[in-house]
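Counting starts at 1 for both ligands and their atoms, following the listed order. Scope of the values below: all heavy atoms of this structure, side chains included, with no hydrogens, waters or symmetry mates.
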Amino acid sequence: MGSKDISKIMTKVLIVFFAFVVIAIGIALFINRDRLPSQDLSEERCEQNNAQYLNSELSVEERVDDLLGRMNEWEKIGQMVLVEKNSIRNLEDIQRYNIGALLSGGGAGPKRNNEPLSWLEMINDFQAETKKTCLKIPLLYGIDAVHGHANVLGATIFPHFIGLGATNDADLVRRVAEATAEEMAATGIYWNFAPNLDVAKDIRWGKTYETFGSDTARVSRLGEAYLHGLQDSSTDYYQVLANPKHFIGGGSMQYGTSRNKDFKVEEGNFTLNEEELRRVHLVPFANAVDEGARVIMVGTASWNGTINAANSRLLTEILKEELGFTGFVVSDWYGVYQVAPTRYESLVTTINAGIDMVMTPFEYKDFMSNMQTAIANGDISQERLDDAVRRILRVKFEAGLFDRPEATVEGLSVIGSEKHHAIALEAVRKSQVLLKNTNAALPISASAKKIIVSGSSANNLGRQAGGWTSEWQGIDGDTSITGTTILEGIKSVVSEHTSVEYNQNGDFADGSPLADVGIVVVGEKPYAEGWGDNPNPKLSEEDLLAIKKTKTKSNKLVVIIVAGRPLDISAYSADWDAVVASWLPGAFGGGVADVLFGIYPFTGVLPIGWDI
Ligand code: GLC
């Protein structure tokens, strides 16, 4: 058989093989085709001209009644799913599955870049898909703008909540939230997964910095201020929806009880009795409901072994019935699916317990089909379905989603505005807590002859910002952040005759005269959530060495700690003249310098215990 014959045979074999592959793929797609109901837009119920639910003159309840009455089961189920936007396989799925809500997980920005315009265009593209459906119900889009709209390039990056807790200034916290809401709304995002109302009782928890601290009353008061800052508006709809979280008791989770093998506290268990739970952790949520909270997020904590998302006592009896909460309850990341051995059972259990919207956050097709089956089986009643959807629609109308004009390019100018920067700078100044001041170390004279600066966090905006910034876990040395490092702040306030020398490791020339003051800015690398669970939060060896070296070259030593929580410094602080808790100050390091040099006084108070 000649080579030509062989190549002919090979060609035929390849053709047959590829034909087989194509047929196999076609069969697979057909088998997996969705059980999608028809989307016949000519149906009378899709008629928009005189639809009552589009009439903003009517009450919210009248509009909800009209809209709910037009919806089929498929559309109702679609309103109950919250999907991470990177899980949307193609834009058409938003209309095909009538998806009601999307979120950006930490760092999940537009594919093109993190510029404000890219965010605005991405949101408007998602919303455009809903306009192709019968009832055109707008999407709710949520994000963790927990220290400003920090996922967005150029947004104002405020101190994290632990620092706002240290300010103990409700009016300032309200203004921080208001500025955050303005920058969010400019990108068309009207749902902030904040305020965190956890009462943090164990600093080993990676979420400690996301809280206002360990004092129930302070958490409640500042949480109320933040909620109003987000929601209050001169229009007849909320500026941005607040979302108190994580209902409930996460701050008391016990170390070593996490369900997640990578964590120690997050997704853990707490064993308070109900009286303790009410006294310590329910107060901030009860107050938030009274103050107008319309969305509550349930945390992934377990109470005496029962995951909160499955606890009808908490979600229905206490939150909805006793507290009279009429908004909707959303589950936290994948938390629903940790409840039972199968996703079907998990959905049935948690929705019947009181979850109204499920942050899947990935599998929306699986959610839709399981929900259809559960309703067909009667495992989830029509009444429960309608109650959940009614709550969600109510909040969508209250947030003005059907009425507010689409966010425009012109509105983007509010992002990173001078006004917002001034609020952030004020928050940094007021969050600084003076832990120790001896030998008249502070305030430092701006006309000092020589100042030396060292430490891992002196010139590092990524460490100042921490997690939930351009990336979920934050970036050590993040160069994408626009702001001022603490070192730059120091340089900006000293006199022209003052020498400021910087070396991160504390390596300063021998023999030269001692510095009037050595400032060492130390702290934690960025982290978020369970990845920050830590059995003994303390300073790194590098930072301890920088402190030691800088001390030998200075007359006075000032240590600044940039961290999301108290660090164990008890073995060392006796050798330091002054110590300042800076928390995670965000992008405005100049605010730290302002109090170091006495331009502003120290007014911060510890939000959580710190024995130095
Ligand atoms: C997370 C957090 C929650 C956040 C949510 C969406 O896992 O627990 O605080 O709002 O997912 O990113």
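Considering backbone and side-chain N/O of Trp333, none are found under 3.5 Å from N/O of ligand 1. Here's the thing with Asp144: one of its N/O atoms is less than 3.5 angstrom from an N/O atom of ligand 1. Distances between N or O atoms of Glu529 and those of ligand 1 include at least one value under 3.5 Å. Here's the thing with Asp332: one of its N/O atoms is less than 3.5 angstrom from an N/O atom of ligand 1. For ligand 1, one of its N or O atoms has an N or O atom of His246 under 3.5 Å away.
With Phe328 as the aromatic partner, Arg294 does not meet the cation-pi criteria of under 6.0 angstrom to the ring centre and within 45 degrees of the ring axis.
For His147, the ring pair (Phe, Tyr, Trp, His ring centres under 6.0 Å) partners at least two apart in sequence or on another chain are His160. Taking the side chain to side chain contact (heavy atoms under 4.5 Å, CB included) definition, one finds that Glu129 meets it with Leu91, Ile94, Gln95, Lys132, sequence neighbours left out.
Using bins of under 30°, 30° to 60° and over 60° for the plane-to-plane angle, the ring pair Trp333/Phe362 lands in the perpendicular bin. Under the 30°/60° scheme for interplanar angles, the aromatic rings of Tyr97 and Tyr364 are found to stand perpendicular.
Listed by number with element, the atoms of ligand 1 under 4.0 Å from a non-hydrogen atom of Lys245 are 3 (C), 4 (C), 9 (O), 10 (O). The ligand atoms of ligand 1 that sit less than 4.0 angstrom from a heavy atom of Met297 are 10 (O). Counting the atoms of ligand 1 from 1 in the order shown, those under 4.0 Å from a heavy atom of Trp468 are 12 (O).
Of the options Arg174, Glu291, Glu178, a side chain to side chain donor-acceptor pair (under 3.5 Å) to His228 is made by Glu291 and by none of the others.
At a heavy-atom cutoff of 4.0 Å, ligand 1 is contacted by no atom of Tyr334, backbone or side chain.
Salt-bridge check for Asp387 with Arg390: failed, with every basic side-chain N at 4.0 Å or more from each acidic carboxylate O.
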